[in-house]
Amino acid sequence: MLVRRSGDLADAEDALQEALLAATTQWPADGVPDNPRGWLVVVGQHKLVDRYRSEDARRRREELVGTMEAVEQADPSQADDSLLLLFGCCHPALSPASAIALTLRSVGGLTTAEIARAFLVPEPTMAQRLSRARKTLRDLDGPFRMPGADEYAERLRAVLRVLYLMFNEGYASTTGSTVARADLAVEALRLTRTLHASLPDDPEVTGLLALILLTDARRPARTGPHGELVSLADQDRGLWDRSMVDEGVGLVEDALVRGAVGEYQLQAAIAAVHDEAPSTDATDWPQLLALYGLLERMTGNPMVTLNRAVALAMVDGPDAGLALLATLDDRLGGHHRLAAVRGHLLERAGRPQEAADQLLLASHGTTSLAERDYLRVQVARLRRGLTP
């Protein structure tokens with residue numbers, strides 16, 4: 001809301017920080033206000049007004065003071081400006097990479113380090129990219145408005161990518177000791193539902209919502225009693241949220257009959273095949289192999305090829321999957337997921353020593369402590385089997 005009223009993301013973030021600081025000192029003494037969110041927005045707005053008044057050289061911003069003062073008596077807690085901020089951060093003046101990074105930071109709440117890992121770049125590089133993106137928006141005229149019809153499709157693609165990355169970080173955290181960040185996954189789902197409510201006939205929006213539902217339905221079974229990671233094959237499928245599965249299946253079926261098929265619809269279809277199977281062995285692997293083939297041709301993403309190798313191994317045997325993995329050494333060499341999948345297929349091929357070596361290599365490459373611990377448990381299990 002502060003961004004919408006000021007038009008400047010960096011100033012709005014600073015003003016909110018000052019309001020939060022004021023709350024930590026005033027609320028313990030005066031009590032929590034009846035409308036805490038509204039209090040924070042109003043105080044943040046006052047901080048913006050004070051700042052603009054003190055910056056005489058910045059005349060463009062001074063002109064906004066009167067406008068903000070005129071609306072500061074309105075109840076700011078009734079509106080949800082998340083989508084406005086989402087589309088604003090995906091402004092066409094920004095490169096797609098910068099737009100996604102800025103939205104993950106400002107809307108999704110990811111740290112700069114987490115975003116850097118998602119983009120496979122050093123953290124200082126990502127910090128500079130975020131700074132340049134904020135400056136670009138600052139120099140524009142009214143960037144935080146909903147886009148017109150001529151630019152909506154371009155902005156929507158970036159928004160969908162942001163929500164997808166946001167959910168992935170929430171569902172499978174790349175840092176820390178926990179398997180997931182439920183707050184981030186829930187927020188990604190909420191924003192996607194909001195977007196779908198405004199665009200119910202868009203098949204890719206529907207596909208993304210289906211994908212998130214079908215994936216998040218498994219979250220209750222992804223951790224063991226001590227918070228440890230549980231693989232898909234070992235999960236208790238009775239713990240999966242069947243209402244989310246049913247909703248997701250219905251959505252993806254609806255999306256796939258609408259004509260042009262996009263990557264999120266295909267990913268949702270893949271998730272639906274997994275969720276409808278009673279076990280790993282009973283999964284329709286030939287159908288998954290076909291779906292991954294379509295997705296690979298559509299995106300050219302080596303991570304899709306990585307997943308297709310697993311499906312291929314389940315259909316034609318582990319040696320076929322390993323042969324496909326060999327084609328990824330140039331594109332994904334050094335990535336821990338390549339080593340992890342190779343280790344899994346080597347075990348299926350009856351080569352436990354090589355499997356243990358690959359899984360240990362993968363454990364050194366991951367930044368997730370939960371994933372590292374899971375991989376090392378598998379290494380220990382395999383090596384115990386090798387002991388005479």
Side-chain angles (χ1 to χ4, degrees), residues 168 171-173 178-180 185 211 213-242 244-245 248-249 267-292 295 303-322 324-325 335-363 366 368-385:
N168 281 348
Y171 183 76
S173 180
T178 58
V179 172
L211 173 61
L213 287 166
L214 290 162
T215 307
D216 205 39
R218 308 172 199 153
R219 185 149 47 95
R222 290 191 71 237
T223 53
H226 304 293
E228 69 274 18
L229 176 65
V230 179
S231 70
L232 179 63
D234 295 328
Q235 287 176 20
D236 179 358
R237 299 187 179 214
L239 297 177
W240 290 359
D241 189 324
R242 301 315 304 186
M244 295 179 74
V245 171
V249 169
Q267 289 188 66
I270 289 168
V273 173
H274 281 297
D275 285 14
E276 292 184 310
S279 66
T280 297
D281 290 338
T283 301
D284 189 344
W285 289 104
Q287 183 179 3
L288 286 176
L289 182 59
L291 289 169
Y292 275 124
L295 186 60
M303 288 297 181
V304 176
T305 308
L306 194 68
N307 285 303
R308 186 167 72 86
V310 175
L312 181 62
M314 298 299 289
V315 174
D316 293 336
D319 289 338
L322 288 167
L324 181 56
L325 289 184
H335 198 291
H336 77 279
R337 294 204 183 282
L338 177 59
V341 172
R342 182 170 278 138
H344 169 66
L345 297 188
L346 284 167
E347 181 182 0
R348 291 185 64 87
R351 298 156 64 181
Q353 181 61 64
E354 295 172 78
D357 292 343
Q358 286 295 312
L359 293 176
L360 182 60
L361 179 63
S363 75
T366 181
S368 165
L369 297 181
E371 186 177 23
R372 181 203 64 187
D373 292 345
Y374 169 79
L375 291 167
R376 291 184 179 177
V377 166
Q378 303 312 307
V379 171
R381 174 182 58 79
L382 287 168
R383 289 182 172 170
R384 281 197 302 270

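Keep in mind that what you see is a predicted model, and the values were worked out from it rather than measured.
- Judged purely by atom type and a 3.5 angstrom limit, T283 uses its side chain to pair as donor or acceptor with the backbone of T280.
- The minimum heavy-atom distance between A356 and V379, with the atom names listed, is O-CG2, 3.6 Å.
- With sequence neighbours excluded, the residues forming a side-chain hydrogen bond (donor to acceptor under 3.5 Å, both in side chains) with D241 are S243, listed by chain and number.
- Remark: R222 is positioned above the aromatic ring of Y171, its terminal NZ or CZ atom under 6.0 angstrom from the ring centre and at most 45 degrees off the axis.
- Not counting sequence neighbours, the partners of R381 by the side-chain hydrogen bond (donor to acceptor under 3.5 Å, both in side chains) test are E347, Q378.
- Put simply, OG on S279 and CG on L232 are 10.5 Å apart, with the number rounded to the nearest 0.5 Å.
- The pair D319-R348 does not count as a salt bridge, with every side-chain nitrogen at least 4.0 angstrom from each carboxylate oxygen.
- For R219, the side-chain hydrogen bond (donor to acceptor under 3.5 Å, both in side chains) partners two or more places apart in sequence, or in a different chain, are D216.
- V341 pairs with exactly one of N307, L324, L325 by the side chain to side chain contact (heavy atoms under 4.5 Å, CB included) rule, that one being L325.
- Contact record, D275 with R242: O-NH2, 3.2 Å, taken as the closest heavy-atom pair.
- Of all non-hydrogen atoms in M244 and A217, the two that sit nearest each other are CB-CB, 3.8 Å.
- The two residues L322 and A349 have their closest heavy-atom pair at CD1-CB, 4.4 Å.
- In this structure, the side chain of H226 does not engage the main chain of E228 through any donor-acceptor pair within 3.5 Å.
- Shown here for A340 and L359, the closest heavy-atom pair between the two residues is O-CD2, 3.6 Å.
- Here the OG1 atom belonging to T366 is positioned 3.5 Å from the CD atom belonging to E371, to the nearest 0.5 angstrom.
- Residue A268 comes nearest to L211 through the heavy atom pair CB-N, 3.7 Å, listed as atom of the first residue, atom of the second, then distance.
- If you take OG1 on T223 and OH on Y374, they are separated by 13.5 Å, rounding to the nearest 0.5 Å.
- Results of the side chain to side chain contact (heavy atoms under 4.5 Å, CB included) test with Y292 over T305, I270, L312 single out I270 as the only residue that passes.
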